[in-house]
Amino acid sequence: MPEFEWQFTLVLLTNGIMIGLMYALIALGFVLIYKATDAINFAQGEFVMFAGFLAAVAAEIAGMPFWLSSLLAIGGMVALGFGLERVVLRPLIGRPVIAVVMATIGLAAVLRGTAVMAFGAGTRAIVMPVSDEPFELGPVMLPPVQLVGAGVSLVFLALFTWFFLKSRIGIAMRAVADSQQVAMAMGINVRRYFALAWAMAGIVSALGGVVWGTMLGVDNQLALVGLKVFPVVILGGLDSIMGAVIGGLIVGVVENFAAGYLDPYVGGGTKDFAPYVLMILVLMIRPEGMFGRRRIERV
Amino acid sequence: MLALNNVEVVYDGVILVLKGVSLSAEEGHITTLLGANGAGKTTTLKAISGLLKTERGEVTKGNVELDGERLDRLLPFDVVKRGVVQVFEGRRVFENLTVDENLVAGAHSRSNTADVKAGMERVYGSFPVLKERRSQSAGYLSGGEQQMLVIGRALMSDPKVILLDEPSLGLAPMVIEEIFSVIRRLKDEQKLTVLLVEQNAALALEIADHGYVMENGRIVLEGPAEQLRQNSDIKEFYLGLNEAGSRKSYRDTKHYRRRKRWLS
Ligand SMILES: Nc1ncnc2c1ncn2[C@@H]1O[C@H](COP(=O)(O)OP(=O)(O)O)[C@@H](O)[C@H]1O
Ligand SMILES: [Mg+2]
């Protein structure tokens, strides 16, 4: 019996880690926007949903292979990111943050609505060309779809981390996040970087849409994974990629443990709110999140 | 040569702050712009760098020229490309970036990576203490180091003209000495044009070649630094400011001549 316990825990843990990485991928989209523009994007889940639709419809109707439909989703989301920045967000530069927040909430509703209008209310499938046979690693069974999803997430999280730490453009974006006015004084075209941030969020959302759409199916409900972004970024910090990874892992693991250990006793449900309880606790103890930057106080 | 010709600046469409300012900064010289708090010195610099536009300010009359080319209609990043860079007052480092990264960000207008590397080494040559701290977050540097960093960061754009806003504010005399000697060396060796805004007139007139005194959005006095140093009005103006602790108008002090002279 104890040995069975141990294996069960291991299964929950690995599952949590893989799911957590995929949460981190979505949270990355959110973090990119927040880092560059200070805006909280409440439409992150809808971005993911919209991308899922693009990929699913391209494969279903146009008969595109998986990789091509994924590329199309990426291209479409980059265009959407650029377009939204240009049309909706740029006019709001310099307005109170609440204006931008409200705009993204409105955007979320519009995207949900147009998705149904354009693609219908039925659930569509994204089919990843991998086998259904789980990959066995000792006692743990890993579904290939999840493995690919976690792998893609890991690669892109690493890529973006490298980008922000080492590339000149990434450093410029961090400079803009630090102080827009000073960045401007240094010859940085701040607006161009706002647009770039939205486009990059588009790329990340497209990947999230494909990965999550493969696992959950694509319909309006897919946008709900976006809600997981909030516990993830609150746990990890709104502006840190490393934080998004760690926050994602915590949410993934906590969720799985709640499902495995608590739900059987209470009849289910804790999986869905456990991450939020944790989020509220963290907010009370460390409002900037576990890895968010603290304001440097200096006189 | 950098020149302002009869520049008028209005904030928010109604607040008139600069009322016809004309001044010029000779190539390879240090020109200082003196004046009390609120006189309009920072506004003058922002009119040059184009950053006024980010604060709903506007040049409504006159113009700003660099070697005959107009700057006042350009956006800030284009002004930097033309070789004019502003260093804000208050040591505005990118706090969350390391010293190295601050310098890289400062070189944003330059495309050649080798130039960026070379520029970095030059800045570290001028301010060796920064090199020791190169991988530290800039937010944790001392005040003097931060001032060196913002100047070094501005130099990364390889400017012809650097606009310095109160670089001495709140720093210890020894640190000021070090920073000013670097500025003087840059002027001598690289023919850098410097427009130095200061409240500390004694300090500024020591290294400047030429000076202007601004009050209430107008230039009220100008001349070679040497001459301004001897000018009794200047002495009294700054004396009044110092002794009484309250600001006294340059024009007021003209009316009752004071006795002590400290500014030499
Ligand atoms: N963004 C702004 N909007 C409105 N008024 C401003 C703004 N910036 C400065 N001012 C006003 O312009 C005047 C000059 O300010 P400033 O140029 O900062 O002076 P100084 O640098 O000489 O202390 C002050 O009266 C100040 O209140
Ligand atoms: Mg000022």
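Order of the sequence lines fixes the chain letters, A, B, ..., with proteins taken first and strands second; residue numbering starts at 1 for each chain. Just so it is clear, the model here is predicted, and its values are computed rather than measured.
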Between B/Ser137 and B/Tyr140, is there a donor-acceptor pair closer than 3.5 Å when you use the side chain of the first and the backbone of the second?
no
Tell me if a side-chain donor or acceptor on A/Asn41 pairs with a main-chain N or O of A/Phe30 at a distance below 3.5 Å.
no
What residues of residues 115-123 of chain B sit under 4.5 Å from chain A when you count only heavy atoms?
B/Val116
Do A/Tyr23 and A/Glu255 have a side chain donor and acceptor closer than 3.5 Å?
yes
When the 4.5 angstrom heavy-atom criterion is applied to B/Ser49 and chain A, the contacting part is neither
Looking just at side-chain N and O atoms, do B/Arg92 and A/Gln181 make a donor-acceptor pair shorter than 3.5 Å?
yes
Atom group of B/Gln86 that falls short of 4.5 Å from chain A, counting heavy atoms:
backbone
Just by distance, do the side chain of A/Thr104 and the backbone of A/Val101 share a donor-acceptor pair under 3.5 Å?
yes
Is any side-chain N of the basic residue among B/Glu58 and B/Lys53 closer than 4.0 Å to the acidic one's carboxylate O?
no
Indicate whether the side chain of B/Asn102 and that of B/Arg153 have a donor and an acceptor atom separated by less than 3.5 Å.
yes
